There are 2 protein chains.
Amino acid sequence: MKKAATELTGVKEIARRANVSIGTVDRVIHNRAGVSEKTKQKVTAIIEELNFQPNKMASLLATRKSMNFAVLIPAVSADTDYWSFPLTGIEQAAVETRQFGVMVKHYFYDLDSKTSFNNAANELLNDAPDAVLLAPSFVEESALLAAKLDELNIPLVFINSDLADQNNLAYIGPDLYQSGRLAAQLISLSLQPQDDVLIINISSDLKNDHHLVRKEHGFKKFFEDAGSNTKVSTVNINETKLNAVEESLLRVLDTSPALKAIFVTNSRVNIVAEILKNHNRNNILLVGYDFLKKNIDYLVSQQITYLICQRPKEQGYLGIMALYKHLFKVSDVEKSVYMPIDIITRENYRFYNS
Amino acid sequence: MKKAATELTGVKEIARRANVSIGTVDRVIHNRAGVSEKTKQKVTAIIEELNFQPNKMASLLATRKSMNFAVLIPAVSADTDYWSFPLTGIEQAAVETRQFGVMVKHYFYDLDSKTSFNNAANELLNDAPDAVLLAPSFVEESALLAAKLDELNIPLVFINSDLADQNNLAYIGPDLYQSGRLAAQLISLSLQPQDDVLIINISSDLKNDHHLVRKEHGFKKFFEDAGSNTKVSTVNINETKLNAVEESLLRVLDTSPALKAIFVTNSRVNIVAEILKNHNRNNILLVGYDFLKKNIDYLVSQQITYLICQRPKEQGYLGIMALYKHLFKVSDVEKSVYMPIDIITRENYRFYNS
DNA sequence: ACAATTATCGTGTACGTACACAATTCCTCT
DNA sequence: AGAGGAATTGTGTACGTACACGATAATTGT
């Protein structure tokens with residue numbers, strides 16, 4: 001480690017070469033007004049020549065800007081700890097950006113209550129943050145919020161699911177259709193010609209759960225494209241309690257002797273796993289979503305074969321980082337960032353996090 | 001965006017509260033000599049109380065340290081562009097750390113030539129870098145280099161493969177054994193009881209290629225643990241040309257009517273794919289390694305079913321970052337970081353990079 | 001008790017950039 | 001030509017920390 005050579009660089013050197021003051025150089029760099037065209041040209045030329053990159057640290061230090069980011073996502077519920085993962089990523093990003101003056105404030109809503117969403121959204125608007133990270137679970141309510149933020153010129157990033165036609169800065173999350181296709185491929189690789197397949201949607205409000213529908217669509221399309229004759233049926237269960245699911249499921253199981261594989265379109269796959277286990281149905285290939293404790297347990301016990309996972313932690317992390325990069329002009333931000341679609345099995349789950 | 005509130009924080013505030021000068025506070029923070037025990041206690045207490053975190057930017061700015069990092073990895077060969085991925089990650093990290101005064105210099109060696117490794121290593125030592133990132137392909141030569149660096153107190157990070165008993169800062173790379181197990185699981189999920197499986201090691205120097213052996217070991221162990229009766233045989237091919245591989249492979253194929261799946265223990269799986277394609281053997285499940293152009297092509301054409309991949313880009317990125325964090329005391333560095341073991345198929349490869 | 005040390009502490013300047021304000025130049029118009 | 005005003009440019013201070021150096025206080029020795 002050594003001291004940096006007293007490099008001939010920086011605004012000072014540029015000023016020297018251009019025979020102007022550093023104040024003028026500064027004006028050119030931020031193209032603020034008050035510089036004659038001639039000197040502007042001269043300074044710009046030297047900046048180009050030297051390939052000058054402003055020292056971010058000094059710059060940040062001098063401006064000591066401070067930003068408030070607002071994060072509006074579902075609360076971690078007893079039901080599922082899915083949202084703890086994005087939260088972890090968000091907190092990690094918060095730590096890393098804290099020294100640059102970013103303060104992250106959380107607002108939580110209940111996934112079963114649009115009212116709670118609206119309340120949280122209002123509170124958020126009231127605080128007038130500089131940027132917003134949003135998981136738009138409720139389509140209309142979220143669109144309303146997005147419109148207001150757009151009006152206020154507050155940059156907005158979506159995570160976990162997208163909202164069409166919004167004037168948002170970026171979307172970071174999964175491609176749901178494709179993850180359905182992947183599930184279908186994985187299942188098809190274990191299928192014999194005579195086997196049947198079942199899709200299970202478990203949601204108390206399926207109409208609004210565009211998530212599940214998109215995955216189901218991708219799943220079916222795969223078999224279609226493959227020209228397969230496999231019988232793929234769907235069952236919708238609009239209650240999330242074990243008993244309710246059990247009742248519906250058993251009815252299907254009893255009438256489907258050739259059932260070989262089940263695709264559960266969300267993280268509630270552990271409910272299905274438990275039911276299959278209780279009824280000793282170990283010969284069914286079970287595929288579902290998300291790296292949750294309960295799911296991993298069934299992965300280990302081989303009740304679940306594949307979990308599909310879309311890096312929830314990274315979604316939160318990248319969401320905050322996108323806002324940071326945008327507001328601090330670190331770099332441009334991509335409009336859509338689709339997460340890799342990870343396949344988790346009993347043999348690789350241990351290395352998944354880090 | 002607003003100015004930071006004139007927060008009561010920073011060395012100045014600490015100094016005020018402790019009734020000392022900021023010079024003294026500075027001495028306590030870096031526990032340099034010249035502070036009485038009493039005031040040291042007092043200042044430390046206040047630092048704790050305020051949960052003071054020094055402003056990294058200001059600190060870096062004031063010290064304006066400059067570091068030279070050396071990277072010693074295989075050159076990207078015509079044979080395989082695998083090493084272009086770690087390189088990309090390294091370059092990305094270089095960009096991000098450049099503003100903190102990190103200069104990354106590359107040294108490349110030829111995977112077929114120990115001499116080239118030694119030459120590059122000598123050149124590197126001659127440049128006396130502040131830190132080294134090394135892909136230790138040649139075990140003994142690398143150990144020698146590691147020892148010298150240790151003596152010079154230059155921190156060293158391994159990527160891609162580990163070297164036992166070295167006094168290195170960290171290892172960042174795959175768990176090879178486990179990736180072999182995963183390949184076995186994937187294959188087993190498509191296997192009928194009567195099917196046979198083949199492992200192919202393609203390497204001109206298998207004795208030294210501990211990589212492949214570890215993967216093979218994991219693969220076999222999986223079937224063993226599962227109590228499977230599947231016949232798993234191995235063929236070693238010590239030439240990497242298509243013709244040579246073809247000859248060996250065809251001999252096996254002819255005598256193995258029940259062969260259902262092949263596991264190629266490295267990225268040369270595309271050679272096998274080509275041969276299978278040329279001989280119209282489309283009913284064989286083929287599993288191999290690495291996200292290379294050639295491999296992806298065969299993944300798309302369904303000659304290859306699964307590719308296992310260990311985030312080579314991240315390995316490079318994290319390697320540089322580990323050195324950066326260590327030398328700039330950003331945070332502690334984990335001794336071993338095992339990459340997630342990713343499964344790539346025709347249905348998710350498009351989202352793998354980003 | 002006083003000087004000579006040594007231990008402890010405070011001050012000033014620097015890092016590279018941002019920005020407010022002061023200073024200078026350049027026009028315009030009478 | 002000179003005043004007035006706008007356009008352009010220069011200067012000084014600040015950001016929070018590091019560190020060299022000078023200043024002060026405590027200790028020792030005579």
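In this text the structure is predicted, and so the values were computed from the model without any measurement.
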Criterion side-chain contact (heavy atoms from CB on, under 4.5 Å) on B:V333 and B:M321, from CA distance to verdict: CA-CA 9 Å; B:V333 171; B:M321 282 311 196; over 6 Å; no
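A close approach under 4.0 Å does not occur between any side-chain nitrogen or oxygen of B:S59 and OP1 or OP2 of D:dG16. Put simply, B:R32 has a side-chain N or O that comes within less than 4.0 Å of OP1 or OP2 on D:dC19. Considering only side-chain N and O atoms, B:T63 lies nowhere under 4.0 angstrom from the phosphate OP1 or OP2 of D:dT17.
Heavy-atom nearest nucleotides on DNA chain D were determined for B:Q53 and for A:T24, and the one closer to the 5' end corresponds to A:T24. Taking for each of A:K12 and A:I22 the nucleotide of DNA chain C with the nearest heavy atom, the 5'-most of the two is the partner of A:K12. Nearest-nucleotide assignment on DNA chain D puts the 5′-proximal partner with B:P54, out of B:R27 and B:P54.
Using a cutoff of 4.0 Å between basic side-chain nitrogens and carboxylate oxygens, B:K148 and B:E151 are not scored as salt-bridged.
Residues B:S161 and B:P136 come closest through the heavy atom pair O-CG, 3.1 Å.
Nearest nucleotide to the side chain of B:A58, out of D:dG16, D:dT9, D:dG10: D:dG16. Here C:dC15 is the nucleotide among C:dC15, C:dG10, D:dA18 with the atom lying nearest to any side-chain atom of B:L61.
C:dT17 atom P lies 14 Å from atom CG of B:L60, rounded to whole Å. The distance from atom CG of B:N55 to atom P of D:dA14 is 18 Å, rounded to the nearest whole Å. B:M57 places its CE atom 12 Å from the C1' atom of C:dG16, with the value rounded to the nearest Å. Across the protein-nucleic acid pair, B:K38 atom NZ and D:dA25 atom C1' stand 12 Å apart, rounded to whole Å. The interatomic distance linking B:I14 (CD1) with C:dG10 (P) rounds to 14 Å, in whole Å. Remark: C1' of D:dG10 and CZ of A:R16 are 18 Å apart, rounded to the nearest angstrom. The separation between B:E13 atom CD and D:dG16 atom C1' is 13 Å, rounded to whole Å. Remark: C1' of D:dA7 and CD of A:E37 are 14 Å apart, rounded to the nearest angstrom.
Proximity of a side-chain donor or acceptor of B:S59 to a complementary backbone N or O of B:N55 within less than 3.5 Å is not detected.
Residue A:D26 is in base contact, counting any heavy-atom pair closer than 4.0 Å across all strands shown.
Other residues, nucleotides and ligands contribute over 12 non-hydrogen atoms within 6.0 Å of the NZ atom of B:K335.
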